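Read through the structure below, which is laid out as structure tokens, and then see the notes.
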Amino acid sequence: MTEDTQLLERLRRGDKDALRTIYEKYQGTLATLAAGLLDDHATAEDVLQDVMVSLVRSVHRLNIRGDLRAYLATAVANRARDYHRRRFRRGIEIDEAPDVASVGDGPLQLVIQDERLQQV
């Protein structure tokens, strides 16, 4: 059983320290991703907090088969996308997406490329 699997099991049992550990473990990566997608640190913090609250609320229904970091990064990207959609609906111009190369390789890059294509 991986550390993340153990943390999720502890979180399911109501262990608040498990949430703190998950947050501390992934906060830097997720905050960087959110800030890059939103170009606004305050909104990025709000998005990250929303993702963590959602994790706690839905932890009993979740069946995360892959990497917890990737799951949380996808959740952050989806929340950022939702934020952009709400802004667009209100008629506020959407800022240009961040440079994909600055985010790194892997699933996060694909999410950002998808976001960039949707904005175009």
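The structure presented is a predicted model; accordingly, all values stated were derived computationally and were not measured.
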Just by distance, do the side chain of [X] and the backbone of [Y] share a donor-acceptor pair under 3.5 Å?
{"X": "Arg12", "Y": "Val59", "value": "yes"}
{"X": "Thr32", "Y": "Gly28", "value": "yes"}
{"X": "Ser58", "Y": "Arg61", "value": "no"}

(request) Grab the two heavy atoms, one from Val47 and one from Ala80, that are nearest each other, plus how far apart they are. (result)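 Closest heavy-atom pair between Val47 and Ala80: CG1-N, 4.4 Å.
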(request) Taking all non-hydrogen atoms of both residues into account, name the closest pair between Ala31 and Ala44 and its distance. (result)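 Reported closest heavy-atom pair: O-CB, 4.3 Å.
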(request) Find the distance between NE2 (His60) and CZ (Arg13) and round it off to the nearest 0.5 Å. (result) 11.0 Å
(message) Within this structure, what is the CD-CG distance for the pair Gln6 and Asp15, rounded to the nearest 0.5 Å?
(response)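 If we round to the nearest 0.5 Å, Gln6:CD and Asp15:CG are 12.0 Å apart.
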Is there side-chain contact between [X] and [Y], with at least one heavy-atom pair below 4.5 Å?
{"X": "Leu72", "Y": "Met52", "result": "yes"}
{"X": "Arg20", "Y": "Asp17", "result": "yes"}
{"X": "Asp4", "Y": "Tyr26", "result": "yes"}

(message) Checking Val51 against Leu30 for the side chain to side chain contact (heavy atoms under 4.5 Å, CB included) test, could you report, in this order, the C-alpha distance in whole Å, the side-chain angles of both residues, the deciding distance, and whether it holds?
(response) CA-CA 10 Å; Val51 167; Leu30 299 175; 5.6 Å; no
(request) Answer yes when Asp82 and Arg85 have at least one side-chain N-carboxylate O distance shorter than 4.0 Å, and no when they do not. (result) yes
(request) For Asp46, enumerate each residue passing the side chain to side chain donor-acceptor pair (under 3.5 Å) test, keeping only those at least two apart in sequence or located in another chain. (result)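 Not a single residue meets the side chain to side chain donor-acceptor pair (under 3.5 Å) criterion with Asp46.
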(request) Begin with the C-alpha distance, continue with both residues' side-chain angles, and end with the deciding distance and a verdict on side chain to side chain contact (heavy atoms under 4.5 Å, CB included) for Leu37 and Arg81. (result) CA-CA 8 Å; Leu37 291 170; Arg81 185 178 295 123; over 6 Å; no
(request) Establish whether Leu7 and Leu62 are linked, either directly or via other cluster members, by ILVMFWY side-chain heavy-atom contacts under 4.5 Å. (result)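 Per the 4.5 Å side-chain linkage, Leu7 and Leu62 are co-clustered.
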(request) Could you state whether Ile64 and Val56 fall into the same hydrophobic cluster, counting links through intermediate Ile, Leu, Val, Met, Phe, Trp or Tyr residues with side-chain heavy atoms under 4.5 angstrom apart? (result)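 Yes; Val56 is reachable from Ile64 via cluster members.
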(request) Step by step, work out the side chain to side chain contact (heavy atoms under 4.5 Å, CB included) result for Thr29 and Leu33. (result) CA-CA 6 Å; Thr29 302; Leu33 172 63; 5.7 Å; no
(message) Regarding Tyr83 and Asp50, do their side chains bring together a donor and an acceptor under 3.5 Å, going by distance alone?
(response)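 No - no donor-acceptor pair under 3.5 Å links their side chains.
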